[in-house]
Amino acid sequence: MRVRFAPSPTGALHIGGARTALYNWLMARHAGGTFVLRVEDTDRERSTPENVGQILDALRWLELDFDEGPILQSERAERHAEVLRTLEEGGHTYHSTATAQDVRAYKDRHGAEWGFRGEPEADGAIRLRVPEGATVVHDLIRGDTTFAHEHLDDPVIARADGSVLYNFAVAVDDLDAAITHVVRGEDHLSNTPKQLLVLAALGADQPAYAHLPLLHGPDGKKLSKRHGAASVQELRERGFLPEAVRNYLALLGWGDTDDETIVSTDDLVRRFTVERVSRNPARFDVDKLRWMNGRYLRELGEEELTRRLEAYTGRDGLRPSVVIAQEKIQTLADFWPLAGFLHDGPADDPSARERWLDEEGRAALAEVREALATLDAFDAPSVEAALRGVVERRGVKAKQVFQPVRVAIAGTTVSPGIWESLAVLGRDEALSRIDGALGQAVRIA
RNA sequence: GCCCCCAUGGUCUAGCGGUCAUGACGCCGCCCUUUCACGGCGGAGAUCGUCGGUUCGAAUCCGACUGGGGGUACCA
């Protein structure tokens, strides 16, 4: 099996493209085949080297390694010209100066359902002669789809200057790369007969096809940069893990008879078959990805999670705070807002201070300060015992004591466990923050 | 307009002629509990887009319609 991923570098790699890449990669790894990367950069206006770099970057981050390529379509111009000549010599093409308007006029005359047939001219663009009959696309996901040739326009396969167009180039490139399975988005289904016609004119065998349903945004509209985390780049910035993204994307449009939702990449490779890909378009649901990402995050283990968090935040010495914060975050991006106070001091949340550092709260806080100052060991169990002692002595609800302490050291009402946090801070820092809160609160009051 | 694809709770998905229609996210409740989470338990939520047909029996097969999507470029 030889499959390929053939993005056009007209922007960042979006999750739709990422999923297509993933499915191709899974197929190749499942079958022990070859995964080829080809860059379709023949769009002279929109393709840029920076975009090519972005795509390679995205694939690297997703850990979808390719075995051959990247093949640049733009570097195959000579070969394309050669094949074009073969087609001309075989009488499969003709020159035509007919424009889009001419095609429309033709349909006005003959009926909208009839494909355009031009008259051969001395020069102009090159059109492929569509023969009589029909072309059947045998799709691994959708079954057979028949396209009657009479509805198909004679497609332009090369410009007047000889530069070739997409439907011609893909066919030739897939043929030359000996691609056995063409797996791509459903937006290509309607163009497949044109490519099949090129192959037929060349007398070549056709590869197997599989057209994946398209991905939509959360609002059901087409996915774009405007809607949610649409690009791979953005997913990375928002703190998602590549392994979670692979799992999520694999299940977005593919299902097993098995009910498992968390499926490791190894298992995906083992179980994935393109025949089981769904025919329905799917919506990208960030909430489900977040949930899944949290699952993966916690499975990483403290050491590895710390490594990733340090790489993500660019900070060192995070291990202790990672340990106490890990069960409360779903993405790498969630970490700092939750646990940053352990490193950079309390956050500033006036409404939290107002709510918890009132007279009552300050009194509790002062008593906590006493208890903590005289503690022998300053570890989580000891701190907990001390705080609970204060609760008991004051005869109040636990939160009447704990929340003021939380606000004092974190600045907000949301944080990791309170005694774990105190222990991570250490006695000196903890007392100093409590003192700070007491002083500050007094000034406010 | 023309050609093509698709249709199971809000979202993803199982189902392949006979099930109380599966599981997950999300949502609600309870438990756990120092906040928020995590975890556990339970719940609400689907006339299987509509209509017709085939059949003793249709989510499952056929057709029409409706809705959504894609293509229709000298873009990819």
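Every heavy atom of this structure was used, including side-chain atoms; hydrogens, water molecules and symmetry mates were not. Every value quoted in this text rests on a predicted model; they were computed, and no experiment measured them.
For residues 112-154 of chain A, the pairs satisfying ring pair (Phe, Tyr, Trp, His ring centres under 6.0 Å) are A:Tyr106-A:Phe116, with sequence neighbours left out.
Listed by chain and residue number, nothing satisfies the side chain to side chain donor-acceptor pair (under 3.5 Å) test with A:Glu327 (two or more places apart in sequence, or in another chain). Checked against side chain to side chain donor-acceptor pair (under 3.5 Å), A:Thr273 has no partners two or more places apart in sequence or in another chain. In this view, A:Arg319 and A:Glu302 satisfy the salt bridge (charged side-chain N to carboxylate O under 4.0 Å, His left out) rule, not counting sequence neighbours. A:Lys328 meets the salt bridge (charged side-chain N to carboxylate O under 4.0 Å, His left out) test with no other residue; sequence neighbours excluded. By the salt bridge (charged side-chain N to carboxylate O under 4.0 Å, His left out) test, A:Glu392 pairs with no residue at all, sequence neighbours left out. Applying the side chain to side chain donor-acceptor pair (under 3.5 Å) test to A:His181 and every residue at least two apart in sequence or in another chain returns nothing. In this structure, A:Asp123 has no side chain to side chain donor-acceptor pair (under 3.5 Å) partners at least two apart in sequence or on a different chain.
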When the side chains of residues 240-248 of chain A are checked against the rest of the protein, which donor-acceptor pairs come out under 3.5 Å, sequence neighbours left out?
from	atom 1	to	atom 2	distance (Å)
A:Glu243	OE1	A:Arg308	NH1	3.1
A:Glu243	OE2	A:Arg308	NH1	3.2
A:Glu243	OE2	A:Arg308	NH2	2.8
A:Arg246	NE	A:Thr265	OG1	2.9
A:Arg246	NH1	A:Leu62	O	2.7
A:Arg246	NH1	A:Glu63	OE1	2.7
A:Arg246	NH2	A:Glu63	OE1	3.4
A:Arg246	NH2	A:Thr265	OG1	3.3
A:Asn247	OD1	A:Val263	N	2.8
A:Asn247	OD1	A:Tyr296	OH	2.5
A:Asn247	ND2	A:Thr261	O	3.2
A:Tyr248	OH	A:Asp285	N	2.8
A:Tyr248	OH	A:Asp285	O	3.4

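Between A:Asn280 and B:rU8, a side-chain N or O to OP1/OP2 separation shorter than 4.0 Å is present.
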Check the interface with nucleotides 62-67 of chain B: list each N/O to N/O pair with the protein under 3.5 Å, or write none.
none

Between the protein and nucleotides 24-28 of chain B, which nitrogen or oxygen pairs come in under 3.5 angstrom?
from	atom 1	to	atom 2	distance (Å)
B:rA24	O4'	A:Thr261	OG1	3.3
B:rA24	N3	A:Lys288	NZ	3.0
B:rC25	O2'	A:Lys288	N	3.3

> What one-letter contact string describes nucleotides 31-36 of chain B from 5' to 3', where B marks a base within less than 4.0 Å of any protein heavy atom, S marks contact via sugar-phosphate atoms alone, and - marks no contact?
Replying inline: ---BBB
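Taking atom CG on A:Asp256 and atom C1' on B:rC12, their separation rounds to 15 Å, with Å as the unit.
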